[in-house]
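Worksheet: the structure to be examined is printed underneath.
Within every chain, numbering begins at 1; the chains are lettered A, B, ... in the order of the sequence lines, protein sequences first and strands thereafter.
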2 protein chains.
Amino acid sequence: MAPPSFLRPLTRSRLSGEIEGILLEGIIGGKLRVGEKLPTERELAADLDVNRSTVRAALGKLESLELVEIRHGDGVYVKDFRRSSNLELILALTRMDEHQRDSVISSLLRLRTIFGPDMAFLASQNRTDDHLRSLREVIRESRLSVLEKDILVHHVIALASTNVLYLLLLNFFNKFMFEYGYLYFEDPENARRSVLFHREIYQALKGKNGRKARKIMEDVMKFSEDAVAGRLKKQDHAGR
Amino acid sequence: MAPPSFLRPLTRSRLSGEIEGILLEGIIGGKLRVGEKLPTERELAADLDVNRSTVRAALGKLESLELVEIRHGDGVYVKDFRRSSNLELILALTRMDEHQRDSVISSLLRLRTIFGPDMAFLASQNRTDDHLRSLREVIRESRLSVLEKDILVHHVIALASTNVLYLLLLNFFNKFMFEYGYLYFEDPENARRSVLFHREIYQALKGKNGRKARKIMEDVMKFSEDAVAGRLKKQDHAGR
DNA sequence: AATGGTCCAGTGGTCGGGCCACCCAACCAC
DNA sequence: GTGGTTGGGTGGCCCGACCACTGGACCATT
């Protein structure tokens, strides 16, 4: 049984997460300069009135985001976030700065349009019968929304492509889809289009037709990129 | 003064890092199944004969890698690493499994060949005079090795493209370059080729010549992809 | 002057033990 | 069934302490 759609999964909050957010804002916002030394863990703990271990948890996360460098016996230093390679940081950016959100989404869609067709091509060449079966099951499954189906279809294609980078990038896109997918799927016409796409790409993979797979994916990516871009522009005009 | 080249930067080890590695191997290696509940923090601490806070640090990192899900009041559960979107995981994979290393490098080079040209195109359209100046400085700077120059040149191009995703992906590639760049640059002919490339792409960006920028990058990417692929194949044949 | 050794205050890493917030399953009352 | 209660077990956080490591000051040697 699917839960009512108006219930979004809410996130548990941790105290360390709040601290993480504060420091993250300081770094991204430029209040903490690159190379600058942060206050010591003991100082931060005292200033924030929390325990040192809580501060350490927050700093550990920031280290994972490649925003700080922790040097044993020395201190914690701010790194250049523009040199980070952590995709999670992108998500944090969009949630922080409303203005940058659209820019990120555009960048994201462009990248997808660029590598999607190649991924489809590789999938058509490397797919196994297992992949086909998974695709069939997803497409048939009536309990899933079109958005959910779309995510799963792309996931199978990424798996079939045998390119781990493509798979990983797609996993990242899917996170975005959960948050912003409505921008595309709220239009029933777009939803219909996706259902059609699922059937077509399935046939192309089944027939190992690389050229066709590439073309189908290219069309879908370009279309959705334009659609969302237009959607954002309209929202932007209305907003101000 | 540049340090002697035979000195590679060595990594400080943390106890929590070791624990992280053990659990990571268990998850990637399949010994811990998806959805499985890990032993409690207290149990792990007792079994490994370390403090619970050390175990928590390790689990925190695994959470950042999206390999486990920590549920307050419940336990820690194994997630499907094929659904992770953390690029750091890819690096961990290559360092763990010698066999998968080549596969990852191939995937990486393919992705780069796919999006590199578009990145160059965007850079040629959006570059500012500041970008050009940075490029000039990097190309001229005689104290840098060709590898270091190449990394910086690409970084400036990524910055100029204004696509945050391209920038981030390139940052990731650069990490690989530090570890595996020798596969390409140990051949002096390839190094010469790169120097030439730097000059050409600079001219294309200067003239805002999108078509040319795209073409130049495409040629370089394809060439290096083939070169490294051939290099890996040869090494593979010799190795067994 | 330059080099290398020693020491020391400060910092992050680990330890141990404790309490709190939360989850879950079992049980109970209706 | 349904909803409320209870209790054991889990992760989150706290406290205080010690260990491992760094950087700088100081000193002895060359």
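- More than 12 heavy atoms of other residues, nucleotides or ligands lie within 6.0 Å of CZ in A/R136, so this atom counts as buried by the packing criterion.
- The ring of B/F115 has its center closer than 6.0 angstrom to the ring center of B/Y166.
- Out of C/dA21, C/dC24, C/dG12, the shortest distance to the side chain of A/I70 is found at C/dG12.
- Side-chain polar atoms of A/T94 and A/Q100 form no donor-acceptor pair below 3.5 angstrom.
- Extent of DNA chain D lying under 4.0 Å from chain B heavy atoms, first and last nucleotide in 5' to 3' order, is D/dG9 to D/dT22.
- Listed in residue order, the members of residues 35-48 of chain A having a heavy atom less than 4.0 Å from DNA chain D are A/R42.
- Of the candidates C/dC23, C/dC22, C/dG12, C/dG12 carries the atom nearest the A/R52 side chain, counting heavy atoms from C-beta on.
- When rounded to the nearest whole Å, the span between CG of B/N51 and C1' of C/dG12 equals 15 Å.
- Using a 3.5 Å distance cut-off with no hydrogens or angles, the side chains of A/N174 and A/H155 do not pair a donor with an acceptor.
- Contact check, A/R71 against C/dG12: no side-chain N or O comes under 4.0 Å of OP1 or OP2.
- Of all non-hydrogen atoms in B/F81 and B/L89, the two that sit nearest each other are O-CD2, 3.9 Å.
- Put simply, NE2 on B/H72 is 5 Å from C1' on C/dA21, counting in whole angstrom units.
- Contacts of B/T54 with the nucleic acid, taken as non-hydrogen atoms under 4.0 Å apart, involve only primed sugar atoms and P, OP1 or OP2.
- There is no side-chain donor-acceptor pair under 3.5 Å between A/R133 and A/T128.
- Within a 6.0 Å radius of OH in B/Y182, other residues, nucleotides and ligands contribute more than 12 heavy atoms.
- Dashed line: the shortest gap from a side-chain N or O of B/S16 to OP1 or OP2 of C/dT14 is under 4.0 Å.
- A donor-acceptor pair shorter than 3.5 Å cannot be found between the side chains of A/S84 and A/K79.
- For B/R14 and C/dC15, the CZ to C1' distance is 17 Å, given to the nearest whole Å.
- For an aromatic pair to be called close, the ring centres must be under 6.0 Å apart, and B/F197 with B/H154 satisfies this.
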